[in-house]
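Just so we're on the same page: letters track the sequence lines, and every chain starts at 1.
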Amino acid sequence: MYWTRTLIPTTRETPAEAEIPSHQLMIRAGLIRQVSAGVYDWLPLGWRSMQKICAIIRQEMNAIGAEEIHMPALLPAQLWKRTRRYFDYGPLLFRLADRKEAEMILGPTHEECVTELVQAYVRSHKQLPLTLYQIQSKFRDEARPRNGLLRVREFFMKDAYSFHTSLESLHETYQAMYGAYVRIFQRCGVPAIPVEAQSGPIGGDASHEFICPCDSGEDVIVRSEDGSYAANLEQAGRADGGGRTLADAPAAPPGELHKIHTPGATSIEPVCRLLHVQPRQMIKTLVFTVNAGESRQWIVACVRGDHEVNEAKLRKVVGNMEMAEDRTAREAGFVIGFVGPHVVNRVQARLVIDPDALMVPVAVTGANEADWHVTNFNWKNNLLAARCGDAVVADIRNVTPEDRAPNGAKLTFHKGIELGHVFKLGTKYSDALGATYLDEKQQSRSMIMGCYGIGPGRIMVAALETRSDSDGIRWPMGIAPFHVVITPIKYEGRSKDIADRLHIELQERGVDVLVDDRDQRPGVKFKDADLIGIPLRIVIGEKSLSGGQVELKRREEKQAILVALENLADTVTNLIRTNV
RNA sequence: CGGGGCGUAGCUCAGCUUGGCUAGAGCGCUUGGUUCGGGACCAAGAGGUCGCAGGUUCAAAUCCUGUCGCCCCGACCA
């Protein structure tokens, strides 16, 4: 391809709205252009890279026996109502109506669609296992799209779905996927750490995320120092998270519950400042609700003042709850901002106590009265004596750097970008949509499913975030828009002839070549070549040409080497083959 | 959804506080010339509904109201 025949709108200046490096570079190098919040055009360079990423994904999917299909992005709402996700997915779901007022959605994921497809044609255990995948646009009406391609409303996703007659078969495919994912990220040249993620209905090791460690990431992963344990923050367990019961509450020291005026201090920090206590001496009390149809159950969750409630862990204890709405909670008698555990003496609620909160012998906590807290709170004195029955002790908080991994090792925290997710689904969708098969004994059974997603756009973001330098992008060879950029100092005369010839010669060897045929000063061409980050650059200039040579420079190295023209094609193809 | 910020040339921004005559700069673009190995220089040009609507005023980019869009922090979400 010739530079003047394509569209590579590089810019010297960084657009104001781009904050993270990958976003700035994608715009400056002319990879993408924003159309609206979280919606982007893919320009030629960006699209070339995207297609290479997708090609790698396809090869690895096909290699483990997954078969590509394509499903629509536009889906009938009806299908999603059958699994209730139409209601459960919330405002993240794009909803629209067609001209007949029929409700439609834009798919944020395709479990319903693929399960419905499979139930239509697969009836026998002889047809299973089966793995189908697609690479396709997904739509999510994100509350706040941000950070360029990191969080967007329309994006590509590779989503694969597998169907099985047994957990063993599911596990086999899961392992194959896991292996394929490792190879995909490796071939794309981005680091990706598999971490334990929330496991859903099957439990155990049923879910892994692949995270690229990077400061711009929105996820937090926790690793043990010895590298043997890695999980996302939501999932991360700790060495002493379980085992305690109410009976372990520290004995009651002497002293009465003491009310103290704390006007306007509705959170831990101001209370600590006002009363000169440490967060770890406080008990943080949060109110959640479980809405089961018409009935509503209140959940009061207590963690130590310096800890955070982990909603996923709490959900495992109490079922599908959510943070209580401020107004309704107040109406029910919770003085939001000043709630203490003993509120359960007044309002019917289920109490869940984190072990560390339980072990605070004398605590400061809310007085259940606006602008008041209490000191000298003790579980045995002030609560358990009366209401031991409904309370449970459970690990419901995020781990902190002070915690130890389940295996006892020290923990480290990293931010990262989620690139992919493998997940054992179970029978949630096959049950809801009737995806059943007949087994050898003519028994009808629900298929067991797994699902496996990758965000190709995020792979690109991760590559740019982790490899760029102050001059611009440094594409990994495997996903670079072009392998080589040929930069004639002057695109005329002998230099032009050689550039054109090399272009053909390299292309015939399957090399992707860009010739900078612009009538520009060399400095401009060099700066642009660095910015768009093509891994190899061939400079054709009088200096070396007189000796029958051209300069070959790798983007990540400062120095160019001189290569004789007749050896160039071999040298280039070798470099491409040996570089990822 | 809560908080903050911004919409002026293709891009980055000034002008707005204190209303005033023809709305500016740099980059980019066009033409001509001189240059030519790390974002050249000279000259001449093209390019603007000042986001949109309404209001105040003799007069609005500037003040007021509404609205749309975009960005950031948080909440939500995987």
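The side chain of A/Val539 lies closest to B/G37, out of B/G37, B/C76, B/U35. When distances run from any side-chain atom of A/Glu418 to the nucleotides B/C77, B/A78, B/G39, the shortest one goes to B/A78.
The CG atom of A/Asp528 sits 15 Å away from the C1' atom of B/G37 (whole-angstrom rounding). For the pair A/Phe288 CZ and B/C76 P, the computed distance is 9 Å after rounding to whole Å. Rounded to whole Å, atom C1' of B/C73 lies 15 Å from atom CD1 of A/Ile20. Atoms NZ (A/Lys527) and P (B/A40) sit 10 Å apart, rounded to a whole Å. The separation between A/Lys496 atom NZ and B/C36 atom P is 22 Å, rounded to whole Å. For A/Arg85 and B/A78, the CZ to P distance is 10 Å, given to the nearest whole Å. When the C1' atom of B/C76 is taken as reference, atom CG of A/Leu286 falls 16 Å away, rounded to whole Å. To the nearest angstrom, C1' of B/A78 lies 16 Å from CZ of A/Phe210.
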Handout entry: Pair A/Trp298-A/Phe288, ring pair (Phe, Tyr, Trp, His ring centres under 6.0 Å): steps then yes or no
Key = CA-CA 6 Å; A/Trp298 295 103; A/Phe288 296 83; over 10 Å; no
Problem - A/Tyr89/A/Asp141 under side-chain hydrogen bond (donor to acceptor under 3.5 Å, both in side chains): CA gap, chis, key distance, verdict - result: CA-CA 11 Å; A/Tyr89 216 82; A/Asp141 193 0; over 6 Å; no
Exercise for the section: Begin from the C-alpha positions of A/Thr427 and A/Asp431 and carry the test side-chain hydrogen bond (donor to acceptor under 3.5 Å, both in side chains) through to its verdict. Expected result: CA-CA 6 Å; A/Thr427 58; A/Asp431 283 341; 2.9 Å; yes
Close N or O pairs between protein and nucleotides 66-71 of chain B (under 3.5 Å):
unit_1: B/C70; atom_1: OP1; unit_2: A/Ala37; atom_2: N; d: 2.8
unit_1: B/C70; atom_1: O3'; unit_2: A/Gln34; atom_2: NE2; d: 3.1
unit_1: B/C71; atom_1: OP1; unit_2: A/Gln34; atom_2: NE2; d: 3.4

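Nucleotides B/G20 and B/U31 have their C1' atoms positioned 37 Å apart, rounded to a whole Å. B/G3 sits 11 Å from B/A75 when the C1' atoms are compared, rounded to a whole Å. Using atom P as the reference point in both B/G7 and B/G28, the two lie 24 Å apart (nearest Å). When the C1' atom is used for both B/U30 and B/G69, the distance is 32 Å, rounded to whole Å. Between B/U18 and B/A60, the two C1' atoms lie 14 Å apart (nearest whole Å). Comparing the C1' positions of B/G66 and B/G26 gives a spacing of 36 Å, expressed to the nearest Å. Spacing between B/C68 and B/A53 at atom C1', rounded to whole Å, works out to 10 Å. Comparing B/A23 with B/G51, their P atoms sit 15 Å apart, to the nearest whole Å.
No donor-acceptor distance shorter than 3.5 angstrom exists from the side chain of A/Lys284 to the backbone of A/Arg304, with no hydrogens or angles considered.
Applying the Watson-Crick and G-U wobble criteria (two distances, each under 3.5 Å), B/A61 pairs with nothing in any strand. Base pairing annotation: B/A75 forms no Watson-Crick or G-U wobble pair, as no partner gives both donor-acceptor distances under 3.5 Å. Across all strands shown, nothing is found opposite B/C16 as a Watson-Crick or G-U wobble partner with both distances under 3.5 Å. In this structure, B/G32 and B/C42 make a Watson-Crick or G-U wobble pair, each of the two defining distances being under 3.5 angstrom. Remark: B/C70 base-pairs with B/G5. Criterion, Watson-Crick or G-U wobble with two distances under 3.5 Å. In this structure, B/G48 makes no Watson-Crick or G-U wobble pair, since no nucleotide meets both defining distances under 3.5 angstrom. Across all strands shown, B/A23 forms no Watson-Crick or G-U wobble pair with both distances under 3.5 Å.
A/Glu116 and A/Tyr429 are not linked by any side-chain donor-acceptor pair at a separation below 3.5 angstrom, with hydrogens and angles left out of the test. Residues A/Thr115 and A/Tyr161 bring no donor and acceptor atom of their side chains to less than 3.5 Å of each other. There is no side-chain donor-acceptor pair under 3.5 Å between A/His208 and A/Tyr181. Side-chain polar atoms of A/His421 and A/Ser207 form a donor-acceptor pair below 3.5 angstrom.
Within 4.0 Å (heavy atoms only), A/Leu92 reaches sugar-phosphate atoms of the nucleic acid but no base atom. Within the nucleic acid shown, A/Arg33 has no heavy atom closer than 4.0 Å to any nucleic acid atom. At the heavy-atom level, A/Arg537 lies under 4.0 Å from base atoms of the strands shown. Residue-level contact check: A/Lys543 touches the bases, meaning some heavy atom is under 4.0 Å from a base atom. Note on A/Glu551: a base of the nucleic acid sits closer than 4.0 angstrom, heavy atoms only.
Side-chain contact check for A/Phe338 versus A/Asp371: some heavy-atom pair is nearer than 4.5 Å.
Toward the 5' end of RNA chain B, the nearer of the two residues A/Glu234 and A/Gly541, judged by each one's closest nucleotide, is A/Gly541. If you find the closest nucleotide of RNA chain B to A/Glu311 and to A/Lys525, the one lying nearer the 5' end belongs to A/Lys525.
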Exercise for the section: Classify every nucleotide of nucleotides 26-32 of chain B by which part a protein heavy atom approaches to under 4.0 Å, writing B for the base, S for the sugar-phosphate alone and - for neither, in 5'-to-3' order. Expected result: BSS----
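Scanning atom types as modelled, no donor and acceptor separated by under 3.5 angstrom connect the side chain of A/Arg140 and the base of B/C77.
With rounding to the nearest 0.5 Å, the separation of CE in A/Met26 from CG in A/Leu464 is 5.5 Å. Remark: A/Ile105 CD1 to A/Glu112 CD distance equals 7.0 Å, nearest 0.5 Å.
Residues satisfying the side chain to side chain contact (heavy atoms under 4.5 Å, CB included) test with A/Arg146, not counting sequence neighbours, are A/Arg144, A/Arg151, A/Glu218.
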